[in-house]
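Read the structure below first, then the notes.
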Protein chains: 2
Amino acid sequence: MQADQLSLTFSALADPTRRAILQRLAHGEASVSELTEPFDISMPAISRHLKVLEQAGLVARTRNAQWRPVQLNAVPLAEVAGWVEHYRRHWQSEFDRMDAYLAELQKGDPDAKQ
Amino acid sequence: MQADQLSLTFSALADPTRRAILQRLAHGEASVSELTEPFDISMPAISRHLKVLEQAGLVARTRNAQWRPVQLNAVPLAEVAGWVEHYRRHWQSEFDRMDAYLAELQKGDPDAKQ
DNA sequence: GTGTTAAATAACACAACCGTTAAATACTCT
DNA sequence: AGAGTATTTAACGGTTGTGTTATTTAACAC
């Protein structure tokens, strides 16, 4: 354990169920039952997904009677955005090369089959 | 297995060794031996990290004699950037609230202990 | 207190992850 | 062909992740 924050965040985001939970929470806080409802898995499983998200700092849990509303905390995602930004020029140049290649195809086609 | 691309990418990025490998490759292609050198782990271990990165589409391996130079492919990171971008306004508002809080503290202090 | 609802924890099973060392593969050079 | 170099694959072991069902905890309502 005791992984760095970025590893914790990426690891938490690696599961599609957890990403779907975050997406749901982007619309507002929700109870564990509400978060469980859309999925085919049991509430304990969701509860443990929430624990992973909580340990990554991506959600916060408060308490309201017997409910424990879950709220999104997007702050760790800022670090992800910063990390990935360093690579933008790399994928941009990949895309540029692809664009150039496609343009070359376009240019060639009207001149027809020679 | 057979996870979606985004899960594959996040999962590959969840390991600090693999992120360090990507960072090294951002400066140019490298052999497996070169990539192994900075780490305290064996070459087979690095080789398997490379396999994970390759399956996520983050690196490509060519062949040159007995070397298999590894190259960065940042394209899958574009999807990560797009995904995380949806949450920017959330962490921005978190930061704004934090700023407001700090400003409040600043304003209060000079007025002193009352 | 008793019953009900919401959620977490316990105990278990199974698969995946990550490292190791030893052996196999692929290529070069003489 | 035989030796040397680079890398992968095989076999193993320990830890972690993800699901299940059964049980426990916490708070409400009567």
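Residue numbers begin at 1 in each chain, while the letters A, B, ... track the order of the sequences.
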Does any N or O donor sit under 3.5 Å from an N or O acceptor when you compare the side chain of A:R48 with the base of D:dG19?
yes
So what does B:R63 hit on the nucleic acid, given a heavy-atom distance under 4.0 Å: a base, only sugar-phosphate, or nothing?
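The residue B:R63 makes sugar-phosphate contact but no base contact.
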Counting side-chain heavy atoms from C-beta on, which of [options] comes nearest to [X]?
X	options	answer
B:R68	D:dT8, C:dT20, D:dT20	D:dT8
B:S42	C:dA7, C:dT21, C:dT9	C:dT21
A:D15	D:dT18, D:dT7, D:dT21	D:dT18
B:S47	C:dA8, D:dT9, D:dG19	D:dT9
B:R18	D:dT8, C:dA7, C:dC18	C:dC18
A:R61	C:dA22, D:dA6, C:dA8	C:dA8

Is the side chain of B:R18 donor-acceptor paired with the backbone N or O of B:S11 at a distance under 3.5 Å, no angle test?
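Checking the backbone N and O of B:S11 against the side chain of B:R18, a donor-acceptor pair under 3.5 Å is found.
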Is the backbone N or O of A:Q5 less than 3.5 Å from a side-chain atom of A:T9, with the two atoms forming a donor-acceptor pair by type?
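Yes; at least one donor-acceptor contact below 3.5 Å.
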What is the separation between atom [atom1] on [X] and atom [atom2] on [N], rounded to the nearest whole Å?
X	N	atom1	atom2	answer
A:F10	D:dT16	CZ	P	21 Å
B:F39	C:dC18	CZ	C1'	14 Å
A:I46	D:dG19	CD1	P	8 Å
B:I41	C:dC18	CD1	C1'	9 Å
A:L53	D:dG17	CG	C1'	14 Å
A:M43	D:dT21	CE	P	13 Å
B:E37	D:dA6	CD	C1'	16 Å

Testing the 3.5 Å rule here: is there a donor-acceptor pair between the side chains of A:S7 and A:D4?
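A:D4 and A:S7 do have a side-chain donor-acceptor pair below 3.5 Å.
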Measuring to OP1 and OP2 of D:dT9, would you say a side-chain N or O of B:K51 lies under 4.0 angstrom away?
yes
Does OP1 or OP2 of D:dG17 have a side-chain N or O of A:H49 closer than 4.0 Å?
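No, outside the criterion.
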Ring-plane angle category for B:W83 and B:F10, please: parallel below 30°, perpendicular beyond 60°, tilted otherwise.
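B:W83 and B:F10: perpendicular rings.
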hydrophobic_cluster_shared for A:L6 and B:L25, side chain cutoff 4.5 Å:
yes
